[in-house]
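So the structure is just underneath, and the comments pick up after that.
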Amino acid sequence: MSAFRCARTIRPDAPPFHLDAKEQEHMTDDGTIERDGDRALFRYERRYDHPVGDTWRVITTPSEISQWMGVDVEAFDLRPDGKIIMVHSSPKGAQMRVEDRVIEVEPPRRLEHTYFNEMNPSAVVIWKVDEAGGGSTITLTHTMDLGEVRAAAQGQDIDPVMVLARNGAGWHHLLDMIAVRLRGEEVPEWTEEDRKALQKHYVELVP
């Protein structure tokens, strides 16, 4: 399992919504973690001061993904059943080539895809981009089986709670870095100290 990850698939069919000022005030940077039987759900809502088109471009353009996700993007075929191929590198130099696929796409509003499919075949990530007061919001969900979380924990000899916390912190950080790229800035290094602090915070959010 990757450092970013997990949970109940949400497939909203409603038209794009528009947050009013009062609703936007209640949005927070933290994600939420829920359990539904043997499924886990991560959910995030982020507000950006950039229009939908700009936000969609940053989350779907290979050169931008490489920046905010810190990976090499070999393929990103933005069509149903299109391939998504990324090469992840560890701090020690080890590399992992990950192949996923697009499940559904509705530019510039919605993207659904698998995530680390070989390791976590149940995992699905959904990105929704909506207008919000001249800017935009990203609603991101990640679902997967808790059995896969337990297997990953066993393989790493750690508590499953820590696997969930790492995943939660990972997505939190990536959404922060999307904001950095929307501002046209270079992505800063994610230090080990900051990484561990955010993971510790997400441990407290695991139900």
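Along the sequence shown, residues carry numbers from 1.
How far CG of L175 is from CG of D29: 9.0 Å, rounded to the nearest 0.5 Å. Between the CG atom of D49 and the CG atom of L182 there is a distance of 9.5 Å, given to the nearest 0.5 Å. The distance from atom OH of Y48 to atom OG1 of T55, rounded to the nearest 0.5 Å, is 7.5 Å. Rounding to the nearest 0.5 angstrom, the gap separating the CZ atom in R166 from the CD atom in Q199 is 6.0 Å. Summarising the geometry, atom CZ belonging to R181 is positioned 10.5 Å from atom OG1 belonging to T61; distances are rounded to the nearest 0.5 Å.
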- Using the side-chain contact (heavy atoms from CB on, under 4.5 Å) rule, take V163 and I158 through it: C-alpha gap first, then chi angles, then the decisive distance, then the call. CA-CA 8 Å; V163 175; I158 59 175; 3.6 Å; yes
- Task: Carefully, step by step, assess R35 and L146 under the rule side-chain contact (heavy atoms from CB on, under 4.5 Å).
- Result: CA-CA 9 Å; R35 302 193 190 202; L146 286 170; 4.1 Å; yes
- Query: Hey, mind stepping through T137 and V129 against side-chain contact (heavy atoms from CB on, under 4.5 Å) and telling me if it holds?
  - Reply: CA-CA 6 Å; T137 61; V129 184; over 6 Å; no
- Message: With side-chain contact (heavy atoms from CB on, under 4.5 Å) as the criterion, how do L140 and I126 come out once you've worked through the C-alpha distance, each side chain's angles and the decisive distance to 0.1 Å?
- Response: CA-CA 6 Å; L140 181 144; I126 300 175; over 6 Å; no
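Note on residues 84-93: no pairs pass salt bridge (Lys or Arg N to Asp or Glu O under 4.0 Å), not counting sequence neighbours. Listed by first and then second residue, the salt bridge (Lys or Arg N to Asp or Glu O under 4.0 Å) pairs involving residues 50-61 are R57-E64 (not counting sequence neighbours).
Two residues are said to be in side-chain contact when any heavy atoms from C-beta on lie closer than 4.5 Å; H201 and D30 meet this criterion. Residues I103 and V124 form a side-chain contact, since some pair of their non-hydrogen atoms from C-beta on lies under 4.5 Å apart. M69 is not listed as a side-chain neighbour of H173, based on a closest heavy-atom distance of 4.5 Å or more. Using a 4.5 Å heavy-atom threshold, the side chains of K128 and I138 count as separate. At a threshold of 4.5 Å between non-hydrogen side-chain atoms, the residues F42 and L164 count as touching. In this structure the side chain of E112 never reaches within 4.5 angstrom of the side chain of V125, judged on heavy atoms. Looking at M162 and V206, their side chains never come closer than 4.5 Å, going by heavy atoms from C-beta outward. Within the 4.5 Å cutoff, no side-chain heavy atoms of D77 are placed close to those of I84.
The aromatic ring centres of Y115 and W171 sit less than 6.0 Å apart. Residues F76 and H113 keep their aromatic ring centres 6.0 Å or farther apart.
With hydrogens and angles disregarded, no donor-acceptor distance shorter than 3.5 Å links the side chain of S136 to the backbone of D130. Side chain of R43 to backbone of I33: no donor-acceptor contact under 3.5 angstrom is found. Distance alone, capped at 3.5 Å, places no donor-acceptor pair between the S89 side chain and the G93 backbone. Side-chain atoms of N117 never come within 3.5 Å of backbone atoms of D100 as a donor-acceptor pair (strictly under, hydrogens ignored). Under the 3.5 Å distance criterion, the side-chain polar atoms of Y202 are matched with a main-chain donor or acceptor of G31. Counting only distance, with no hydrogens or angles, the side chain of D145 and the backbone of R39 share no donor-acceptor pair below 3.5 Å.
For W56, the ring pair (Phe, Tyr, Trp, His ring centres under 6.0 Å) criterion is met by no residue, not counting sequence neighbours. Evaluation of the side chain to side chain contact (heavy atoms under 4.5 Å, CB included) rule for E185 yields V180, R183 as partners, not counting sequence neighbours. Residues satisfying the side chain to side chain donor-acceptor pair (under 3.5 Å) test with T60, not counting sequence neighbours, are none. Looking at residues two or more places apart in sequence or on another chain, you find no salt bridge (charged side-chain N to carboxylate O under 4.0 Å, His left out) involving K200. Applying the side chain to side chain contact (heavy atoms under 4.5 Å, CB included) rule to Q154 yields no partners; only residues at least two apart in sequence or on another chain are considered. H50 meets the ring pair (Phe, Tyr, Trp, His ring centres under 6.0 Å) test with no other residue; sequence neighbours excluded. Not counting sequence neighbours, the partners of D176 by the salt bridge (charged side-chain N to carboxylate O under 4.0 Å, His left out) test are R46. Partners of P80 by side chain to side chain contact (heavy atoms under 4.5 Å, CB included), not counting sequence neighbours, listed by chain and number: V105. Under the side chain to side chain donor-acceptor pair (under 3.5 Å) criterion, D159 pairs with no residue at all, not counting sequence neighbours. Every residue meeting the side chain to side chain contact (heavy atoms under 4.5 Å, CB included) condition with R97, not counting sequence neighbours, appears here in chain and number order: E74, I85, V87, E99.
Salt-bridge annotation for R150 and E148: absent, with no side-chain N of the basic residue lying under 4.0 Å from a carboxylate O of the acidic one. D81 and R101 are joined by a salt bridge, as a carboxylate oxygen and a charged side-chain nitrogen come within less than 4.0 angstrom of each other. Ion pairing of E131 with R109 is present here, as a side-chain N (NZ or NE/NH1/NH2) and a carboxylate O approach within less than 4.0 Å.
Considering every non-hydrogen atom in both P188 and M177, the closest pair reads CD-SD, 3.8 Å. Contact detail for H172 and Y44: the closest heavy-atom pair is N-CE2, 3.9 Å.
Between the side chains of D72 and H88, no donor N or O sits under 3.5 Å from an acceptor N or O.
Judged by a 6.0 Å distance limit and a 45° cone about the ring axis, R195 is positioned over the six-membered ring of W190.
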